[in-house]
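These notes concern the structure reproduced below.
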Amino acid sequence: MAAPLGTLVFYSEFDDFDTWKHALQAQLPALQVVHSSAVARPQDVHYAMAWKPPVGFFQQMPNLRLIINLGAGVDALVARDDLPPGIPITRITDPQMARMMAGYVLFAVLRHARDIPYFEQAQRRGEWAYRHPRAPHEVTVAVLGLGQLGATAAHELQRQGFRTLGWSRSPRRIEGVECFSGMESLDAVLGQADIVVLMLPLTPQTRGLFDRARLERLRPGAAFVNVARGALVDQPALTELLDSGHIGSATLDVFEREPLPADDPLWRMPNVLITPHLASVAIPESSALQIAANIRRVAAGLAPDNRIDASRGY
Ligand code: GLV
């Protein structure tokens, strides 16, 4: 029998505990995996795998060695002031999660590129409203944020034949994608795009980056897709620009406040598609491999992979 590895505590309101427990124990049979509501001996907990745990969560466990963010974005975690100092934090960077995200982005971009929102509205009016399709190369898509998720999505979009622009903080190269970097090029990228896809991490530098002035840089009638974080965008300005038609349509998976309040005007806008923050999720079977590898590393006294830099914010 393998030597015990200690205990991992799990917390998420959105992910299924048993599925994760089985996926982790398939990799690490010697690991105890317990739900946060059933921790008998907090001093035995070495690993915490959590998505948006309550305030004070980590402080109950004096012997923590690793915090595993149960997702790609770490903004909610690094913004907390109750993190135990010096404990490494990792995030999930899983190719399967990137595929799931690329699928959502592809769906949203194809929907806008093929004017499906226009036909949906025409159908509701019982109208045969012919609008000649644009060829893929006539449609320019800008992917803002070229981390693992953004780069995978940009790659898929260029495979579809769209003219694909990519923008990121530091320079990147993706075959078939015209890549730009640095704040000085952002407005020029926005001004060329028929469809803008937000895939940036939320950091102190990107919070509110898409304010009214910047949103007004979008081409009249452009489509806007946000699968990143709501707080990147001035939501009231976005709503007004969608209402005026300056922004033609939007697919929004993330919002300033989640759940999006029932009285928010976005719910009732015919040119807006809303999904409840699920464009991509952490996938147990594939993510468990990297989580298990990191637990083995930490148990052996090594630094984990995919460690985040809390000061950088991702
Ligand atoms: C979801 O939004 C994530 O960051 O994993």
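Side chains are part of it too, since the values below use all heavy atoms of this structure and drop only hydrogens, waters and symmetry mates. A quick note: this is a predicted structure, and the numbers were derived from the prediction, not measured. Counting convention: from 1, in listed order, for ligands and their atoms alike.
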Hey, can you tell me if [X] and [Y] have their rings parallel, tilted or perpendicular (30° and 60° cut-offs)?
X	Y	result
His35	Phe17	perpendicular
Phe107	Tyr104	perpendicular
Trp51	His277	perpendicular

Next on the checklist: Would Arg257 pass as a cation-pi partner of Phe255, given that its NZ or CZ must be under 6.0 Å from the six-membered ring centre and within 45 degrees of the axis?
Outcome noted: no
Proximal ligand 1 atoms for [X], defined as those under 4.0 Å from one of its heavy atoms:
X	answer
Trp51	1 (C), 3 (C), 4 (O)
Gly71	5 (O)
Arg229	1 (C), 2 (O), 3 (C), 4 (O)
Met97	5 (O)

Checklist entry - Taking it one step at a time, do Met97 and Ser286 satisfy side-chain contact (heavy atoms from CB on, under 4.5 Å)? => result CA-CA 9 Å; Met97 187 181 197; Ser286 48; over 6 Å; no
Distance from [atom] to nearest protein heavy atom, with residue and atom:
atom	answer
atom 5 (O) of ligand 1	Ala72 N, 2.7 Å
atom 1 (C) of ligand 1	His277 NE2, 3.5 Å
atom 4 (O) of ligand 1	Gly73 N, 2.6 Å

Checklist outcome for this item: Interatomic distance, OH@Tyr314 vs CZ@Arg91, rounded to 0.5 Å, equals 9.5 Å
Item to check | His246 versus Ser244, side-chain donor and acceptor atoms under 3.5 Å | outcome: no
Item to check | Phe14 and ligand 1 - part of the residue with a heavy-atom distance under 4.0 Å | outcome: neither
Next on the checklist: Is Arg91 close enough to touch ligand 1? Criterion: a residue heavy atom under 4.0 Å from a ligand atom.
Outcome noted: no
